[in-house]
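As structure tokens, the structure follows; a few thoughts come after it.
Hydrogens, waters and symmetry mates play no part in the numbers below; they use all other heavy atoms, side chains included. Positions are given from 1, in the same order as the sequence printed here. Model, not experiment: these values are computed from the prediction.
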Amino acid sequence: LWLDDHIYGIDSYGMLRCLRADTGDRVWEDSTAVRSARWSTAHLIPQGGTDRIWIFNEEGELLLTRLSPRGFEVLSRAHVIEPTRDQLNRRGGVTWSHPAFAGGHIYLRNGKELIAIDLRKKK
């Protein structure tokens, strides 16, 4: 994910990193967005028009975060869907599908089900 002059992403061992876009130099790293394991992954999705970033990790957790060169801040974190074991049983399963957003909802899928979560503010 490219934001301003920095790039954010997950390395091949599950470490969330911030890099300077012009040099590739590491600014910071954090190990709390997804478990530390070979090929751990998470999807980073900007929340349109705000400084907030959705992170959906392979453990079935949805995080609402802020990413900046100063660091990684979790605003909210919830386990929303169970990982399934068909793709990677030895880690207790994974959820590798990218989420979709439409009409104020997020749609998430594992190997058994598709769910929709209403993300709109309740009145």
Working to the nearest 0.5 Å, report the span between [atom1] of [X] and [atom2] of [Y].
{"X": "M15", "Y": "R26", "atom1": "CE", "atom2": "CZ", "result": "8.0 Å"}
{"X": "I55", "Y": "I45", "atom1": "CD1", "atom2": "CD1", "result": "8.5 Å"}
{"X": "L44", "Y": "I7", "atom1": "CG", "atom2": "CD1", "result": "12.5 Å"}
{"X": "D11", "Y": "R17", "atom1": "CG", "atom2": "CZ", "result": "4.0 Å"}
{"X": "L119", "Y": "L62", "atom1": "CG", "atom2": "CG", "result": "7.0 Å"}

Atom CZ of R70: over 12 foreign heavy atoms under 6.0 Å: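 Counting other residues, nucleotides and ligands, CZ of R70 stays at 12 neighbours or fewer.
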More than 12 heavy atoms of other groups within 6.0 Å of D22 CG: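 Atom CG in D22 is crowded, with more than 12 foreign heavy atoms closer than 6.0 Å.
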I'd like to check [X] versus [Y] (side-chain heavy atoms, cut-off strictly below 4.5 Å). Are they in contact?
{"X": "W54", "Y": "L63", "value": "no"}
{"X": "T65", "Y": "L75", "value": "no"}
{"X": "R38", "Y": "S12", "value": "yes"}

Parallel, tilted or perpendicular: rings of W28 and F72 (30°, 60°):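 Geometry flag for W28 against F72: parallel rings.
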Main-chain N/O of G14 paired to S40 side chain as donor or acceptor, under 3.5 Å: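 Not a single qualifying donor-acceptor pair exists.
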Counterpart residues, side chain to side chain donor-acceptor pair (under 3.5 Å), relative to D25 (two or more places apart):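 Residues passing side chain to side chain donor-acceptor pair (under 3.5 Å) with D25: T23.
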Which side-chain N or O atoms in residues 100-110 pair as donor and acceptor under 3.5 Å with protein atoms at least two apart or in another chain?
from, atom 1, to, atom 2, distance (Å)
H105, ND1, G103, O, 2.9
R109, NE, S97, OG, 3.4
R109, NH2, S97, OG, 2.7
N110, OD1, K112, N, 2.7
N110, OD1, E113, N, 2.7
N110, ND2, E82, O, 2.7

